[in-house]
Colleague: 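Next up is a structure, given as structure tokens.
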2 protein chains.
Amino acid sequence: MSGPARVTHASTRAAVLDLVRAAGMISRVGLVNATGLTGGTISTVVRGLIDEGLVAETGHAESTGGKRRVMLQLNHFARYAVGVHLDDARITYVLTNLGGAVVARISRAGAGADEPAAVVARVAREVGALIDSVGVERDRILGLGLVAARPAEHHEFGRAVERATGLPVVLDNDATAAAIGEHWSGGVGATSTFAALFMGSDVGAGIVLGGTTYRGPSGHTGEIGHTCLDVDGPRCRCGARGCLEVLAGPAAVVEQARADRALSRAAGLVGGRTRAATPVAADFAAISRAARQGNTRAVALLERSARYFAAAARTLANVLDLEVLVLTGPSFAIAGSIYLPVLRAELDSAFIARDAHPISVRLSPSAASAPAIGAAAIVLQSELVPRRQGLRLPDDLAAEEPPVFGQLVR
Amino acid sequence: MSGPARVTHASTRAAVLDLVRAAGMISRVGLVNATGLTGGTISTVVRGLIDEGLVAETGHAESTGGKRRVMLQLNHFARYAVGVHLDDARITYVLTNLGGAVVARISRAGAGADEPAAVVARVAREVGALIDSVGVERDRILGLGLVAARPAEHHEFGRAVERATGLPVVLDNDATAAAIGEHWSGGVGATSTFAALFMGSDVGAGIVLGGTTYRGPSGHTGEIGHTCLDVDGPRCRCGARGCLEVLAGPAAVVEQARADRALSRAAGLVGGRTRAATPVAADFAAISRAARQGNTRAVALLERSARYFAAAARTLANVLDLEVLVLTGPSFAIAGSIYLPVLRAELDSAFIARDAHPISVRLSPSAASAPAIGAAAIVLQSELVPRRQGLRLPDDLAAEEPPVFGQLVR
DNA sequence: CGAGGATTCTTCAGTTACTAAACAAAGAAA
DNA sequence: TTTCTTTGTTTAGTAACTGAAGAATCCTCG
């Protein structure tokens, strides 16, 4: 069905553009070394990028004995992207520039049980406000990334948002988005193999292998919430026993805290007896606050959870031969300082490939908005990187194509 | 450093060749549909393959209203490859043709504590005998795949084998090789995402994602032996607690059986009190035999192990969104019938993406020699598939390049 | 200050791997 | 036989490279 298969100019252009972005500032010779292409090719590709206004020449480097290199930089404010993260507890909006830097950011209460149509209208309104707040022309915005825990359920919603905002919409998983956000924000090498451990209202992992995000055949990748950590443990909603989610997920932590009268009172848990609309995230935050203020029962509770997370992270690292593990998402934004040392200790002492290469465990510098930033980054990628690379391979089935994430809807 | 970056004719040629191999028999039009290339391109690529003697025209298909399709097939006996699997207990040799079909196969005792030089000489002799047994000319053999549990330790050994046999040698992990063997032998779709759960003297998993084998940045992929299944479990040699290997690996099963006097006697365990040279595999086989003959204690022991394996397999499937899981390796060749139903039940009831797509769990039809077959398949791949595809990307470090598996040494 | 080397960047002819489209060949249906 | 369908080949054209020559810029040293 779809178009030609050869690796066209488009992919080279995207690779060069991505190098310029990743490097921050680089010369044509630098691009020659980094890509393996010849100077002539780089010359023409760069000229095209400059003509489009995506890249600009910005001064010169020091001479190394001959002509000074002309330095190139991304023209950061040439294009923009919107990222929206639908969490149960909150909806986070960011507007980023071409470099993935956040230009504007707002956060509002979650949608709860509102009518879908009302939510669409609200999202469109809030996206409009976000854009207007910095006065960017609409035609400079490449699109809108919409990420959530179960993106497949938001397909129609995405279509509606597309109609309401007039922006092309890309759907994806929030954990995957968080990983892409980390990758895009630098800090992790361009070809690195890493996972973003995500904790929001639920748990997941975004996976990037050798610089390429891995989504799996049905987009259900990185379900570490259902990593088995006790074959005889309590039963999980997935049907199995002893999953990370039931043992140590945010909902489990909150439930355990609520069962502890003294802790409930000290932390001022809002959930209490009654099942409120979106209490897990709020209560988890309250427990984390209590822990940071030295409440030993809160600390013990979170450290217990962290030990389970550490075991799951180790499993993940061993299976995928990870180089980097980043903790992101709203819940890690709050409680990361408690989880981080526990995970680090586990992976330093028991990562199987540690003799071959170290594994770096760190907390995202922007954990709370990482999924939204990633959502915007996906838009940037899907606009700047070619849709499919390489040959289309068989399994010619695909009469009814499955929903594809991380690509523009329609 | 290394060569050009564009996707050259070589990769298309390899893709077409691989399609011919995978399909068994296919027409040019079939290749057009499968690749997305035009008829003209397929025409010239196929002509090249026929000229090289790798592909042959073999009759016609029924007409569908017009000219009958000329069917193409791999010229199976145009080239050969040798696969060698170094297990602690046994060394397995196979000679396969271009299609990956086993032409000759021998199996000898493991090397134990023999001198490396002696082992090299022995391997070279036995490879020679293997080749001579079917009278294939040396120059039709593409190379020798050498797979083992820790391939990095066999680098020098591989060089020596290369010198002794005169064949180019490719090193790789045995679990990865087993996965490639399964992939190559068909049964698993060309673009499928699957894992080969491997049990020999130890435990591992070979991973193929969307048709591409995943080796990780340091080749330490699929270490499911160190999947955590009990955060408070017994300590493992990797430094952690409750790893699959200590809870349910072959060595653990054998140890548990030896502690059971009645079972030891019934199964006739050779290990007994003393630590013999390579008893684990033999004893594991004895336990499996006893279980198949209805010994309830042996059955209970293996089923207990299977439950742990099932939990680890579920974790793996959930993280990678697997479509297929194949059990391979010598130990599954013997005990697969006991493990298979337990794993199947677990994944049918608790695989998180099961609503999106089914996961098929099956036993390899050639579990015992799968790693050796895979080793040969790696040679076929590394000869017929281009080294690197796409652009070489940055992280320009790599002054001292790390050892690369799955590619020819030198 | 100006020649000569070093380095960076551009230009341009040539190559490769494709596509598109016309054409030829072979069989089916009428 | 004529006409249609399908398969496969040939040919001219094109995109995206490479390689090599040349232009531009800067440094150094007499």
Side-chain angles (χ1 to χ4, degrees), chain A residues 1-17 20 25-51 55-72 386 388-392, chain B residues 1-17 19-20 25-51 55-73 386 388-392:
Chain A
M1 218 126 300
S2 80
R6 21 130 85 152
V7 171
T8 63
H9 190 65
S11 89
T12 297
R13 195 194 83 122
V16 169
L17 191 56
V20 173
M25 194 185 264
I26 191 168
S27 70
R28 289 176 178 79
V29 176
L31 290 170
V32 166
N33 296 333
T35 57
L37 301 171
T38 60
T41 303
I42 292 296
S43 190
T44 51
V45 169
V46 167
R47 182 170 38 251
L49 292 171
I50 290 174
D51 286 352
V55 164
E57 299 188 333
T58 55
H60 298 262
E62 298 260 308
S63 168
T64 57
K67 179 173 173 180
R68 293 174 306 170
R69 301 178 172 188
V70 177
M71 300 311 281
L72 304 166
R388 283 179 197 185
Q389 19 194 0
L391 286 169
R392 187 157 58 90
Chain B
M1 219 127 295
S2 80
R6 22 128 84 153
V7 171
T8 64
H9 190 64
S11 89
T12 297
R13 196 195 82 124
V16 168
L17 190 55
L19 280 166
V20 173
M25 194 184 265
I26 191 168
S27 69
R28 289 175 178 79
V29 176
L31 290 170
V32 167
N33 296 334
T35 58
L37 299 172
T38 60
T41 303
I42 292 296
S43 192
T44 50
V45 169
V46 168
R47 180 166 44 247
L49 291 172
I50 290 174
D51 287 351
V55 164
E57 300 188 333
T58 55
H60 297 264
E62 297 262 306
S63 167
T64 57
K67 180 175 173 179
R68 291 175 305 172
R69 300 179 173 190
V70 177
M71 300 311 280
L72 304 166
Q73 259 189 301
R388 283 179 196 182
Q389 18 195 2
L391 286 170
R392 188 155 57 89

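Residue numbers begin at 1 in each chain, while the letters A, B, ... track the order of the sequences.
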Colleague: Would you say B/Arg69 reaches D/dT7's phosphate, i.e. side-chain N/O to OP1/OP2 under 4.0 Å?
Modeller: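 Answer yes for this pair, as a side-chain N or O of B/Arg69 is under 4.0 Å from OP1 or OP2.
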Colleague: Looking at C/dT19, C/dT10, D/dT9, which one has an atom nearest to any side-chain atom of B/Thr38?
Modeller: C/dT19
Colleague: Could you state the CD1-C1' distance from A/Ile50 to C/dC9, rounded to the nearest angstrom?
Modeller: 11 Å
Colleague: Rounded to whole Å, how long is the line connecting atom CD1 of B/Ile42 with atom C1' of C/dT19?
Modeller: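 Computing the B/Ile42:CD1 to C/dT19:C1' distance gives 13 Å.
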Colleague: Roughly how far, to the nearest 0.5 Å, is CG of B/Leu31 from CD1 of B/Ile26?
Modeller: 4.0 Å
Colleague: Under 4.0 Å: is that the gap between some side-chain N or O of B/Arg68 and OP1 or OP2 of C/dA26?
Modeller: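 Checking B/Arg68 against C/dA26: no side-chain N or O falls below 4.0 Å of OP1 or OP2.
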Colleague: Output all residues satisfying side chain to side chain contact (heavy atoms under 4.5 Å, CB included) with A/Thr58, sequence neighbours left out; order by chain, then residue number.
Modeller: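 A/Thr58 satisfies side chain to side chain contact (heavy atoms under 4.5 Å, CB included) with A/Met25, A/Met71, A/Gln73 once adjacent residues are dropped.
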Colleague: Under 4.0 Å, heavy atom to any atom of DNA chain D: which of residues 57-66 of chain A qualify?
Modeller: A/Ser63, A/Gly65, A/Gly66
Colleague: Provide, to the nearest angstrom, the distance between the CD1 atom belonging to A/Ile26 and the P atom belonging to C/dC9.
Modeller: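 Going from A/Ile26 (CD1) to C/dC9 (P), I get 11 Å.
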Colleague: Where the side chain of A/Ser27 is concerned, which of D/dT18, C/dC9, D/dT9 is the nearest nucleotide?
Modeller: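 Of all the options, the side chain of A/Ser27 is nearest to C/dC9.
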Colleague: Test: salt bridge (charged side-chain N to carboxylate O under 4.0 Å, His left out). Region: residues 25-45 of chain B. Which pairs qualify, not counting sequence neighbours?
Modeller: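 Non-adjacent pairs meeting salt bridge (charged side-chain N to carboxylate O under 4.0 Å, His left out): B/Arg28-B/Glu57.
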Colleague: Among D/dT25, D/dT7, C/dC18, which nucleotide has an atom closest to any side-chain atom of A/Lys67?
Modeller: D/dT25
Colleague: So, for B/Ile42 and B/Thr35, which heavy atoms are closest and what is the spacing to 0.1 Å?
Modeller: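 Taking every non-hydrogen atom into account, CD1-OG1, 3.8 Å.
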Colleague: My understanding is that only residues two or more places apart in sequence, or in another chain, count here; which of them pass side chain to side chain donor-acceptor pair (under 3.5 Å) with B/Ser63?
Modeller: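 Result, side chain to side chain donor-acceptor pair (under 3.5 Å) vs B/Ser63: none returned.
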Colleague: If the cut-off is 4.0 Å, is B/Thr41 near the phosphate of C/dT19, judged by side-chain N/O to OP1 or OP2?
Modeller: yes
Colleague: Measure the spacing between CG of A/Leu49 and CG of A/Leu72 and express it to the nearest 0.5 Å.
Modeller: 9.0 Å
Colleague: Which atoms of nucleotides 28-30 of chain D (N or O only) lie under 3.5 Å from a protein N or O atom, and what are those distances?
Modeller:
none

Colleague: Side chain to side chain donor-acceptor pair (under 3.5 Å) with A/Thr64: which residues, sequence neighbours excluded?
Modeller: none
Colleague: Could you check how far CG of A/Asp51 sits from P of C/dT10, rounded to whole Å?
Modeller: 11 Å
Colleague: Mind calculating the distance between CG (A/Leu37) and C1' (C/dT8) to the nearest angstrom?
Modeller: 17 Å
Colleague: Looking only at non-hydrogen atoms, find the nearest pair between B/Leu19 and B/Ala34 and report the distance.
Modeller: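 It is CD1-CB, 4.0 Å.
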Colleague: Quick one: is A/Arg47 getting a side-chain N or O under 4.0 Å of the C/dT11 phosphate, OP1 or OP2?
Modeller: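 Yes, such a contact exists.
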Colleague: Using every non-hydrogen atom in the two residues, find where A/Glu62 and A/Arg68 come nearest and quote the distance to one decimal.
Modeller: C-CG, 4.2 Å
Colleague: From the options D/dT18, D/dG8, D/dT10, select the nucleotide whose nearest atom is closest to the side chain of B/Val29.
Modeller: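 Among the listed nucleotides, the one closest to the side chain of B/Val29 is D/dG8.
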Colleague: What is the distance, rounded to the nearest whole Å, between atom CE of A/Met71 and atom P of D/dT25?
Modeller: 18 Å
Colleague: Side chain of B/Thr12 only, please: which of D/dC17, C/dC9, C/dC18 is the nearest?
Modeller: C/dC18
